[in-house]
Each structure stands twice: as C-alpha cells, then as structure tokens.
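To keep things clear, I will list the structure first and then write my remarks on it.
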Amino acid sequence: MIVAMHETATEEQIAHVIEHLVRMGFSVHRTTGVRQTVLAAVGARVDFDTRNLEVLTGVQEVHRISAPYKLAGRSFRPEGTIIQFSNGLRIGGNEVVVIAGPCSVESREQLFTVAEQITKAGARMLRGGAFKPRTSPYSFQGLGLDALKLLREAGDQFDLLVISEVMEISQIEMMLPYVDVLQVGARNMQNFNLLRELGRVKKPVLLKRGIAATLEELLLSAEYIMAGGNYDVILCERGIRTFETYTRNTLDISAIPIIHKLSHLPMTSDPSHGTGRRDKVAPMARASVAAGADALLIEVHHDPEKALSDGAQSLYPNQLAKLMDELRMIAPAVGRKIA
Ligand code: PEP
Ligand code: MN
C-alpha cells in the first residue's frame with residue numbers, strides 16, 4: 001500500500017501514520033521528497049480498509065497494491081483452474097461448455113422435452129430452477145425436491161450434468177444427491193452464511209455476480225467459498241443494473257477478460273438474464289465466447305410463451321441449435337472449441 005502525505009503534513013502527523021501502519025502489521029519504507037513524503041507499507045495482511053488511513057490528518061491519498069483476496073486471485077494458481085467432472089467434462093480448459101435448460105423446472109414433460117432438445121443441439125449440462133428467487137412472492141416459486149428428482153433423472157437419461165440454484169443453507173443437503181453443480185444466484189452473491197457453508201461442500205459452485213456488485217466484491221464472495229476449502233468455484237456474469245431500460249440487465253462482457261486477468265477461476269456468461277430478451281441472447285452469447293467465456297448459461301424452453309418464469313428470454317430449442325453452430329465457428333477463432 002502506498003500512502004502519500006499532504007505537502008503540509010507535519011512530522012508529527014507522518015509519525016502517527018507510520019505508527020498506525022506498524023500497528024496493523026506493515027513494515028514501512030519512508031521516502032522524503034522535496035515537497036512530499038510517501039510511505040510504502042509492505043505486509044501480508046489483506047483485511048484492511050484503506051479508508052481508516054485516508055481519514056488520518058495529513059494523509060492525501062492511499063493506494064492499495066495487493067488484492068484483498070488471496071485464494072481467488074490469479075497469482076494463487078497462475079495456470080488457471082480447470083474443474084473436472086466425473087463424465088470427463090471440464091470447465092476452464094480449452095473447451096467452452098454450454099449449459100442450457102429452462103429457467104424453472106415446471107413438469108416432467110417440459111423438462112424432458114427441453115433436455116432432449118438441448119442434447120441434440122450439443123449442450124453438456126442441464127440447468128433448471130427447483131427453488132426460484134422471484135421478485136414477487138405471488139410468482140411461481142419452483143417445485144422443490146420434485147424438480148431436483150426430475151433434473152437428475154433427465155440428466156442421467158440424456159448424459160447431461162445438472163446444475164440448480166441453492167437459495168439457503170437448509171437446501172444444501174437435500175440438493176447434493178441430485179446436482180453436479182450448485183448455483184448461487186445474483187440475489188445471494190453476498191449471502192455470506194450460505195457461501196461459508198458451500199465452502200464445506202465437495203461439489204463445484206457456480207457463483208453469479210450480484211446485480212450491483214463490483215468484480216472485486218464477486219471475487220471476495222468466491223473467497224468465502226474457497227476459504228472453507230472448496231476451490232471448485234465457477235464465476236458467472238449475468239448482467240448488472242444500469243440506467244438502460246431496453247434490456248432487463250446490462251451484460252458486462254468486459255467482466256470476462258477482467259476476471260481472467262484478476263483470477264484463475266473459470267468465468268461463465270449468462271446472456272439470458274444478461275439481456276432479458278430472446279432476440280438479444282444469441283449475439284451476446286457469441287460475443288461472450290469471443291471474449292473468452294469458459295461456459296455459457298442459456299435458458300431454453302420448448303414453449304416459452306407458456307413458461308412459468310423468464311419465457312421472454314428463453315430460446316426456442318432450434319434457436320439454441322443454430323447458436324451452437326455459430327459458436328462452433330467462433331470458438332476456433334479465439335483458440336477454443338465447443339465441448
Ligand atoms: C436463474 O438462473 O434462473 C436465476 C434466477 O439467475 P440470477 O440469479 O442471475 O437472476
Ligand atoms: Mn431465469
């Protein structure tokens with residue numbers, strides 16, 4: 001950390017800041033310039049708040065140099081994390097994985113119809129909400145355990161891995177026998193108790209960025225899971241809230257290369273929640289692969305007009321098939337392949 005003192009800072013104020021830094025566990029190297037004094041503080045501590053220094057008298061500005069996360073940072077595993085599944089599928093390697101399925105599991109017929117179609121298109125993992133975080137308490141809340149059973153059955157039948165959202169700690173145990181990946185939704189990105197508990201689980205977790213979360217906050221949430229011992233974390237950009245109203249959210253494509261720079265964790269893009277409109281999903285999916293996404297999370301429904309949630313952003317199965325043909329052309333242009 002670099003602390004630049006004001007030109008007018010007194011020796012007493014400088015000594016006070018040095019004392020403060022030493023108390024925090026830093027060793028301090030002082031550079032006394034003609035006009036200004038600059039303090040370089042070096043130490044292993046990551047849990048400090050630069051504002052505590054900024055408010056000290058005589059301090060002009062404070063710059064943090066090291067990231068506030070350790071395990072999620074790129075330097076922890078410079079070569080990158082690859083998450084390996086029992087059927088051989090890998091997320092984070094050279095191959096881009098397409099995860100597809102309905103927003104919510106609605107019925108056996110719906111799920112099996114969609115699962116069959118996405119398999120034909122080439123998707124490798126089936127998504128479907130069993131517990132739904134709905135904005136209105138009167139909207140469809142999900143089929144719960146019945147949905148989990150259907151997901152596993154469809155996954156086994158079509159040789160698809162299964163991902164579903166966990167909304168609270170009490171659901172974890174119930175979900176483990178049925179899912180291959182636990183999804184933490186945007187609304188729960190900073191549910192720290194849930195994240196901590198998922199750190200104890202021996203299954204990968206897909207962590208979505210909150211609607212108003214910075215990338216640093218996303219990485220600190222991943223750190224919660226990793227600090228508990230679960231290093232299999234997959235990050236996901238799913239759109240953030242901006243002033244634009246045309247789309248449901250603004251898909252921050254730049255988050256993909258930024259996360260790849262800051263972290264070794266695989267980065268996924270969700271163009272469905274990222275746009276909220278079916279006709280915008282394919283262009284954003286193509287852009288995500290071009291930008292280096294390791295996986296895509298795409299909502300698909302065989303009859304989206306009758307979907308119980310997120311119909312407007314769900315692709316028809318033939319649209320997914322067409323998109324995947326396009327992705328098979330785009331991926332090689334950036335040195336990748338579609339799994
Ligand atoms: C979902 O994947 O259906 C979902 C609710 O996502 P998000 O948490 O991104 O809104
Ligand atoms: Mn949805």
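Whatever order the structure lists them in is the order used to number ligands and atoms, beginning at 1. Everything numeric here is computed off the predicted structure, so don't read it as measured data.
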Quiz item: Considering only the protein, which heavy-atom contact is closest to atom 2 (O) of ligand 1, and what is its distance?
Solution: Arg127 NH1, 2.8 Å
Exercise. For atom 4 (C) of ligand 1, grab the closest protein heavy atom and report residue, atom and distance to one decimal in Å.
Key: His273 NE2, 3.4 Å
Self-check item: Result of checking His301, His273, Arg278, Lys280 against Gln313 for side-chain hydrogen bond (donor to acceptor under 3.5 Å, both in side chains)
Solution: His273
Quiz item: What atom name does the N, O or S atom of Glu299 nearest to the Mn ion (ligand 2) carry?
Solution: OE2
Quiz item: Among the N, O or S atoms that Asp310 has, which is closest to the Mn ion (ligand 2)?
Solution: OD2
Quiz item: Does Arg77 make a cation-pi contact with Tyr231 (under 6.0 Å, within 45 degrees of the axis)?
Solution: no
Quiz item: Do Arg124 and Phe85 meet the cation-pi criteria used here (NZ or CZ under 6.0 Å from the six-membered ring centre, within 45° of the axis)?
Solution: no
Practice problem: Please confirm whether the backbone N or O of Met167 pairs with a side-chain atom of Asn188, one donor and one acceptor, at under 3.5 Å? | Solution: yes
Exercise. Compute the minimum heavy-atom distance from Gly129 to ligand 1 and say whether it is under 4.0 Å.
Key: no
Could you list the atoms of ligand 1 found under 4.0 angstrom from a heavy atom of [X]?
X	answer
Cys103	3 (O)
Gly185	8 (O)
Glu165	4 (C), 5 (C)
Ala186	7 (P), 8 (O), 9 (O)
Arg238	7 (P), 9 (O), 10 (O)

Exercise. Between Lys208, Gln313, Arg248, flag the one that comes closest to atom 7 (P) of ligand 1 by a heavy atom.
Key: Lys208
Quiz item: Can you hop from Ile91 to Val162 via hydrophobic side chains spaced under 4.5 Å?
Solution: no
Quiz item: Is the distance between the ring centroids of His264 and Phe76 under 6.0 Å?
Solution: yes
Practice problem: Tell me, yes or no, whether the heavy-atom count around Arg23 atom CZ, taken from other residues, nucleotides or ligands under 6.0 Å, exceeds 12. | Solution: yes
Self-check item: Over 12 non-hydrogen atoms of neighbours within 6.0 angstrom of CD in Glu305
Solution: no
